[in-house]
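Quick note on labels: first sequence line is chain A, next is B, and so on, each numbered from 1. Since we're looking at a predicted model, the values are computed, not measured.
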Amino acid sequence: MIFHVEKLAKHIHNLVGPTISSRALYSCLSAPLESKTLSDLDIVIAKIPVGISEDEVVRSLLNDQACNSIELSSELVDKLLHRFKDDWKSALGVFRWAESRSGYRHTQEAYDMLVDILGKMKQMGKMKAVLEEMGQCQLVGLGTVAKVMRRFAGAGQWEEAVTTFDELGTLGLDKNTESMNLLLDTLCKENKVEQAREVFLELKPHISPNAHTFNIFIHGWCKMNRVDEAHWTIQEMRGNGCLPCVISYSTIIQFYYWQSKFSKAYELLDEMQAQGCPPNIVTFTTIMCSLTKSEEFEEALHIVDRMRSIGCKPDTLFYNALIHTLGRAGRVEKAVRVFEVEMPNTGVSPNTSTCNSMIAMFCHHGQEQKALNIIRYMEKSGLCKPDVHPLLKVCFKTGNTDCFLSKLLDDMVNKHHLFLDISTYALLIHGLCRANKCERAYSLFEEMIGQGISPRYQTCRLLLDEVKQKNMYDAAERIEDKENWHFSVVSSKAYQQSRQGHRTSAITGSNPNKSFGGIGNIHVRKVLMLCRLHTKTVNCGTY
DNA sequence: TTAGGGTTAG
């Protein structure tokens with residue numbers, strides 16, 4: 001059944017290309033099979049072609065009989081905004097169309113969502129205009145302001161974040177400790193701690209700080225590698241009549257572990273206890289994670305004794321970290337005991353991550369049957385998303401690429417209802433190529449394209465080499481097409497953004513490890529190489 | 001968004 005739905009959507013796509021109708025049809029055809037009729041959501045989405053302006057979206061919806069007969073609800077508007085969370089023109093168009101319908105009024109949640117979408121897409125002027133509109137309707141909440149300030153700061157416009165705070169009165173909100181903390185936290189999270197400090201000194205005579213205010217600074221200074229200022233902030237806290245709390249100390253301790261300054265961390269751990277502010281479960285979990293990261297497994301396990309000695313109660317996240325540590329330390333039996341005996345005894349329930357840690361540990365130690373048992377346990381206990389990547393890797397490592405792998409994939413899709421995502425397809429295609437099963441690898445390649453997932457550049461390259469060796473000429477041609485498309489889309493996007501001076505955002509905003517929106521994971525170096533390539537071509541006068 | 005991630009070289 002799923003197969004037919006995909007085939008039909010693919011066929012339509014091939015016939016008419018990636019236009020509105022095929023996009024909408026694909027999304028509704030690949031929706032859960034029980035809903036076979038077009039929902040209101042699908043009807044509206046089908047009327048919004050890719051890449052048109054917000055006014056065109058409004059016109060397209062207004063001119064459509066089916067759209068105009070839909071009974072609007074805030075749930076439908078929320079779903080539409082969510083659907084267009086990465087497409088501000090469609091989101092804004094839908095929003096304007098909805099409010100033009102008689103009797104319909106937007107909720108604060110819908111406004112907040114729109115503000116966030118505009119901010120995320122760097123439409124700062126439009127975001128501000130919507131904020132003002134909200135102010136006139138008395139719809140601005142602290143959450144709205146938080147989003148606006150964070151989006152300004154995230155776009156490198158921290159002064160605008162401060163202006164937003166200054167104008168809180170006109171938006172119907174108070175400038176108080178809570179809203180000030182929001183502003184200071186926004187600035188500190190964007191590494192503008194010194195600027196936050198200046199703002200704070202200006203506001204302090206009018207708004208009294210609380211412990212939260214100082215904790216924001218402690219975190220900010222630590223993030224900037226300025227632990228002396230963090231310590232000094234603890235003193236300042238006391239001077240202002242606020243007592244340093246477990247968060248104040250734990251933040252600095254975490255920083256010391258991060259820097260591998262273990263003795264300093266232990267000193268502070270003793271100090272906080274002496275000050276009548278004992279470490280809690282978050283403090284211990286953080287310490288254990290840091291020590292495990294530095295491969296100090298014995299030291300990490302000592303922390304558990306220390307935690308127990310002061311009667312601190314474990315929770316799920318603590319056990320997740322402990323199981324991970326034990327697995328890394330090679331103590332599989334002990335980890336199994338924690339999972340099977342200790343957790344039930346202490347009444348702490350495992351979550352999806354706990355089980356996934358167990359799966360990864362068993363696979364790492366060649367115990368795939370036990371990993372499968374965990375998957376079965378997850379099925380029974382209703383935990384979703386078992387991580388099958390470790391098991392897939394075991395299949396390739398042991399050369400078990402026939403029955404076991406097929407059964408696993410079948411279970412993944414049909415029993416656990418997991419989608420094969422880009423990383424799973426990459427893993428499978430690479431693994432099958434290495435196992436000399438390139439026909440199967442190629443059929444997966446076709447399948448992923450059919451699903452609308454674009455293969456990574458490396459996947460194309462590897463598969464292309466393999467199919468050429470096997471003289472699969474049609475396949476080679478199709479892969480080359482995809483590869484060329486890849487090259488043109490990635491290079492033109494990277495080129496445009498590099499010309500605008502956003503080299504890092506050419507990859508993805510601030511985190512260079514995240515995937516390139518909609519195109520899949522492209523290696524960072526590849527994109528930078530393409531940027532350079534194009535810059536070079538410009539200099540030569542070819543462009 | 002005042003602290004806690006989990007396993008991965010495709």
Trainee: Pairs under 3.5 angstrom only: tabulate donor-acceptor contacts from the side chains of residues 306-315 of chain A to other protein residues two or more places apart or in another chain.
Mentor:
| residue | atom | partner | partner atom | Å |
| --- | --- | --- | --- | --- |
| A/Arg306 | NH2 | A/Asp270 | OD1 | 2.8 |
| A/Arg306 | NH2 | A/Gln273 | OE1 | 3.4 |
| A/Arg308 | NH2 | A/Glu342 | OE2 | 2.4 |
| A/Ser309 | OG | A/Arg306 | O | 2.7 |
| A/Asp315 | OD1 | A/Leu317 | N | 3.4 |
| A/Asp315 | OD1 | A/Phe318 | N | 3.0 |

Trainee: With a 3.5 Å cut-off and heavy atoms only, can you find an N or O donor on one side and an acceptor on the other between the side chain of A/Thr285 and the base of B/dG4?
Mentor: yes
Trainee: Show the numbers, then the answer: is there a side chain to side chain contact (heavy atoms under 4.5 Å, CB included) between A/Leu301 and A/Leu326?
Mentor: CA-CA 8 Å; A/Leu301 295 170; A/Leu326 288 165; 3.7 Å; yes
Trainee: Applying salt bridge (charged side-chain N to carboxylate O under 4.0 Å, His left out), can you list everything that pairs with A/Lys334, at least two apart in sequence or on another chain?
Mentor: none
Trainee: Please name all residues satisfying side-chain contact (heavy atoms from CB on, under 4.5 Å) with A/Ser353, sequence neighbours left out, ordered by chain then number.
Mentor: A/Asn320, A/Asn351
Trainee: Under the salt bridge (charged side-chain N to carboxylate O under 4.0 Å, His left out) rule, collect the residues that match up with A/Glu194, sequence neighbours excluded.
Mentor: A/Arg226
Trainee: Once ring-ring contact (aromatic ring centres under 6.0 Å, His included) is applied, what residue pairs with a partner in residues 338-376 of chain A remain, sequence neighbours excluded?
Mentor: A/Phe339-A/Tyr377
Trainee: Within residues 108-122 of chain A, find the residues that approach DNA chain B with a heavy atom at under 4.0 Å, and present them sorted by residue number.
Mentor: none
Trainee: In residues 236-259 of chain A, which ones come under 4.0 Å of DNA chain B, going by heavy atoms?
Mentor: A/Val246, A/Ile247, A/Ser250, A/Gln254
Trainee: Hey, does A/Asp315 reach any base, or is it just sugar-phosphate, or nothing, if we go heavy atoms under 4.0 Å?
Mentor: base
Trainee: Consider the side chain of A/Lys293, meaning its heavy atoms from C-beta on, and name the nucleotide among B/dG6, B/dA3, B/dG4 that approaches it most closely.
Mentor: B/dG6
Trainee: Looking at A/Asn280 and B/dA3, is any side-chain donor or acceptor paired with a base atom of the opposite kind under 3.5 Å?
Mentor: yes
Trainee: Pick base, sugar-phosphate or nothing for A/Arg434, based on heavy-atom distances below 4.0 Å to the nucleic acid.
Mentor: sugar-phosphate
Trainee: What residue pairs, at least two apart or across chains, pass side chain to side chain donor-acceptor pair (under 3.5 Å) with a residue in residues 152-165 of chain A?
Mentor: none
Trainee: Considering every strand and a 4.0 Å limit on heavy-atom distances, what is the contact class for A/His212: base, sugar-phosphate, or nothing?
Mentor: base
Trainee: Could you work out which one of B/dG4, B/dG6, B/dG10 sits closest to the side chain of A/Val282?
Mentor: B/dG4
Trainee: Check every strand shown and say whether A/Asn181 touches a base, only sugar-phosphate, or nothing at a heavy-atom separation below 4.0 Å.
Mentor: nothing
Trainee: Sequence neighbours left out, what passes side-chain hydrogen bond (donor to acceptor under 3.5 Å, both in side chains) with A/Glu298? Give chain and number order.
Mentor: A/Arg331
Trainee: How close do A/Phe152 and A/Ala161 get, counting heavy atoms only, and between which atoms?
Mentor: CB-N, 3.9 Å
Trainee: Base, sugar-phosphate alone, or nothing: which one does A/Phe284 contact when heavy atoms must sit under 4.0 Å apart?
Mentor: nothing
Trainee: I'd like to check the side-chain contact (heavy atoms from CB on, under 4.5 Å) partners of A/Lys223; sequence neighbours left out, ordered by chain and number.
Mentor: A/Asn191, A/His219
Trainee: Using a heavy-atom distance cut-off of less than 4.0 Å, which residues of residues 333-371 of chain A contact DNA chain B?
Mentor: A/Ser353, A/Asn356, A/Ser357
Trainee: For the pair made of CZ in A/Arg151 and P in B/dT1, what is the distance, rounded to whole Å?
Mentor: 12 Å
Trainee: Applying salt bridge (charged side-chain N to carboxylate O under 4.0 Å, His left out), name anything that partners A/Asp78, two or more places apart in sequence or on another chain.
Mentor: none
